[in-house]
Amino acid sequence: MALRIVVDRLRCIGAGNCVDAAPEVFQLDEKDVSIVVNPVGVPPDTIVTAAENCPVDAIKIIDEQAGQQLYP
């Protein structure tokens with residue numbers, strides 16, 4: 001499954017929950033805003049869980065093959 005991960009950098013508050021859930025995929029940059037460093041670093045369900053853990057829903061997950069938004 002090919003996922004597109006979109007982080008709304010204006011909405012992100014740098015809580016780091018995504019990094020805690022999937023550090024292979026997400027990191028906080030120098031401004032403490034989430035960035036995607038490896039979109040295939042973990043299984044898709046782990047990426048969705050990381051997005052669900054965001055307290056401000058700043059992460060959107062899209063299944064590119066199906067053209068369907070998985071989260072939110």
Side-chain angles (χ1 to χ4, degrees):
M1 175 184 306
L3 297 181
R4 182 165 31 121
I5 307 166
V6 179
V7 177
D8 183 336
R9 294 182 51 80
L10 296 176
R11 179 174 275 195
C12 178
I13 61 170
N17 296 7
C18 59
V19 178
D20 292 340
E24 303 87 354
V25 176
F26 299 96
Q27 289 182 8
L28 297 179
D29 67 9
E30 66 280 346
K31 295 180 181 180
D32 283 334
V33 175
S34 180
I35 58 171
V36 177
V37 293
N38 182 7
V40 295
V42 296
D45 59 328
T46 303
I47 294 171
V48 172
T49 298
E52 291 171 342
N53 288 342
C54 179
V56 295
D57 289 331
I59 303 170
K60 184 187 309 182
I61 309 296
I62 301 162
D63 178 340
E64 290 205 314
Q65 292 172 335
Q68 177 180 354
Q69 187 168 313
L70 301 177
Y71 189 84

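Just so it is clear, the values below take in all heavy atoms, side chains as well, and ignore hydrogens, waters and symmetry mates.
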Write out all pairs satisfying side chain to side chain donor-acceptor pair (under 3.5 Å) with one or both partners inside residues 20-32, taking only residues at least two apart or from two chains. Arg9-Asp29
Side chain to side chain contact (heavy atoms under 4.5 Å, CB included) with Asp57: which residues, sequence neighbours excluded? Arg11, Tyr71
Same cluster for Leu70 and Val42 if Ile/Leu/Val/Met/Phe/Trp/Tyr side chains link at under 4.5 Å? yes
How about Ile61 and Ile47: do any of their side-chain heavy atoms sit closer than 4.5 Å? yes
Closest heavy-atom contact between Lys60 and Pro72? CA-CD, 4.1 Å
With sequence neighbours left out, what residues match Asp63 under salt bridge (charged side-chain N to carboxylate O under 4.0 Å, His left out)? none
Is there a path from Val25 to Val7 through hydrophobic residues (I, L, V, M, F, W, Y) whose side chains come within less than 4.5 Å of each other? yes
Linking Ile, Leu, Val, Met, Phe, Trp and Tyr through side-chain heavy atoms less than 4.5 Å apart, which residues share a cluster with Ile13? Val56
Co-membership, hydrophobic cluster, residues Val36 and Leu3, 4.5 Å side-chain: yes
Hey, which of Asn17, Ile59, Val37 is the one that makes side-chain contact (heavy atoms from CB on, under 4.5 Å) with Phe26? Ile59
Quick one, Ser34 with Cys18, criterion side chain to side chain contact (heavy atoms under 4.5 Å, CB included). Give me CA distance, side-chain angles, the key distance, then yes/no. CA-CA 8 Å; Ser34 180; Cys18 59; 3.3 Å; yes
Partners of Glu64 by salt bridge (charged side-chain N to carboxylate O under 4.0 Å, His left out), sequence neighbours excluded? Arg4
Any side chain to side chain donor-acceptor pair (under 3.5 Å) pairs touching residues 39-55, not counting sequence neighbours? none
